[in-house]
Amino acid sequence: MFRIRARRSTCIVFFSLLTSLMFPATSLYAQDGEKEMTSIPMISGIEMLKVGDTAPDFTIEDLSGNQFNMKEFLAKKQGVLIFFWSIFCEPCKAELPVIQELTREYKDRGIGFVGVAIDGTPMKDAIAAFVKQENYSFNVIIDELNPDESFKVSDPYGVAGTPTLYFIDKAGTVQFSKVGRIPKEDIEAAFKKVL
């Protein structure tokens, strides 16, 4: 799934839909768990955060309209899994149930979960309906544009395709950085390093 800078967030939605039809993103692993070397379409020239980088702080409204601050949220956790997704991204829709399963298993063990929907505020109602329909309980925020037309969360995190997942430890350091569908056990291995 592609993501671009746009004058209006509605352009993101159109481009996301268009590219999902033209360039369907594929899983980085097979349904039966067997590894395969397929790729997620990526925007060139955008550099992802790497393991060891400091995760950028941000403050933005969550899906309920409350202020969400990453640094404050992280201070209350042992680590946070932040994942970037779109309702138009099929690999994202396949990965979200894994995220929900991890949320149920680890939320009381000090791991926080933040889903950043990149579709923009015009899609807020559709995103909210989707999250409610699927009964997802992780935190959901919707990325928005800054006055300079950069994305408030996605750009500092170097998101060039979806799904993108980062695991950040309590000190704010990236411990895990991946694009595409990720097996549950790989994510859990990152959790176990901080628990």
Side-chain angles (χ1 to χ4, degrees), residues 1-6 9 11-12 15-16 19-20 23-29 35-60 68-71 73-74 77 79-96 98-99 102 111-120 138-146 148-194:
M1 179 61 57
F2 280 103
R3 185 191 60 74
I4 60 167
R5 293 178 187 263
S9 51
C11 294
I12 303 164
F15 191 69
S16 295
T19 56
S20 68
F23 307 104
T26 54
S27 169
L28 289 182
Y29 69 95
K35 301 278 183 185
E36 60 180 29
M37 295 302 293
T38 54
S39 62
I40 297 290
M42 302 281 287
I43 300 284
S44 62
I46 297 177
E47 189 172 333
M48 286 183 65
L49 295 179
K50 297 175 185 68
V51 172
D53 286 346
T54 299
D57 187 25
F58 60 86
T59 300
I60 198 167
F68 176 91
N69 177 264
M70 184 62 172
K71 187 175 182 179
F73 185 68
L74 188 57
K77 306 293 180 186
V80 172
L81 182 71
I82 182 168
F83 48 99
F84 296 82
W85 63 285
S86 165
I87 59 173
F88 300 103
C89 166
E90 291 306 317
C92 298
K93 289 181 182 178
E95 189 74 1
L96 290 175
V98 173
I99 303 297
L102 289 165
I111 303 296
F113 297 84
V114 180
V116 182
I118 67 162
D119 303 300
F138 45 77
N139 295 293
V140 177
I141 60 177
I142 300 173
D143 208 353
E144 57 189 50
L145 292 175
N146 288 313
D148 68 356
E149 298 179 1
S150 64
F151 287 95
K152 194 166 192 175
V153 183
S154 303
D155 282 346
Y157 277 79
V159 176
T162 57
T164 294
L165 290 83
Y166 292 107
F167 182 63
I168 303 160
D169 68 17
K170 192 174 187 68
T173 304
V174 175
Q175 296 294 325
F176 180 91
S177 172
K178 301 285 182 181
V179 177
R181 291 188 61 200
I182 311 298
K184 181 183 175 190
E185 57 270 19
D186 289 0
I187 301 170
E188 287 181 298
F191 292 175
K192 288 171 184 173
K193 291 178 182 178
V194 303

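FYI, side chains are in, hydrogens and waters are out, and symmetry mates aren't considered; it's all heavy atoms of this structure.
- Distance check: D143 CG to I118 CD1 gives 8.0 Å after rounding to the nearest 0.5 Å.
- The side chain to side chain contact (heavy atoms under 4.5 Å, CB included) search around T173 returns D169, A171, Q175, not counting sequence neighbours.
- I168 and A55 make their closest contact through CD1-CB, 3.5 Å (heavy atoms, listed as atom of the first residue, atom of the second, distance).
- The side-chain heavy atoms of K170 and V194, taken from C-beta on, include no pair separated by under 4.5 Å.
- In this structure K192 satisfies the side-chain hydrogen bond (donor to acceptor under 3.5 Å, both in side chains) test with no other residue, sequence neighbours excluded.
- In this structure, L81 CG and I99 CD1 are separated by 5.0 Å, a value rounded to the nearest 0.5 Å.
- If you take CZ on F84 and OG1 on T162, they are separated by 11.0 Å, rounding to the nearest 0.5 Å.
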Taking it one step at a time, do I82 and L165 satisfy side chain to side chain contact (heavy atoms under 4.5 Å, CB included)?
CA-CA 6 Å; I82 182 168; L165 290 83; over 6 Å; no
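- With rounding to the nearest 0.5 Å, the separation of CH2 in W85 from CD in E95 is 13.0 Å.
- Of the inter-residue distances, the one linking K178 atom NZ with F167 atom CZ reads 14.5 Å to the nearest 0.5 angstrom.
- The distance from the OH atom of Y166 to the NZ atom of K50 is 9.0 Å, given to the nearest 0.5 Å.
- Residues meeting the ring pair (Phe, Tyr, Trp, His ring centres under 6.0 Å) test with F138, sequence neighbours left out: F83, Y136.
- Looking at residues two or more places apart in sequence or on another chain, you find a side chain to side chain contact (heavy atoms under 4.5 Å, CB included) between K77 and F73, V80.
- Screening N139, V153, V140 for a side-chain contact (heavy atoms from CB on, under 4.5 Å) involving V116 leaves a single residue, V153.
- For NZ of K193, the number of neighbouring non-hydrogen atoms (other residues, nucleotides, ligands) closer than 6.0 Å is 12 at most.
- Nearest heavy-atom pair across S86 and D119 is OG-OD1, 2.5 Å.
- A donor-acceptor distance shorter than 3.5 angstrom exists from the side chain of T164 to the backbone of G161, with no hydrogens or angles considered.
- Every side chain to side chain contact (heavy atoms under 4.5 Å, CB included) that P56 has, sequence neighbours left out, goes to L49, P156, Y157.
- The two residues V179 and I182 make their nearest non-hydrogen contact at O-CD1, 4.2 Å.
- For the pair K152/L145, no side-chain contact is recorded, criterion being any heavy-atom separation below 4.5 Å from C-beta on.
- In this structure D57 satisfies the side chain to side chain contact (heavy atoms under 4.5 Å, CB included) test together with N69, M70, K71, sequence neighbours excluded.
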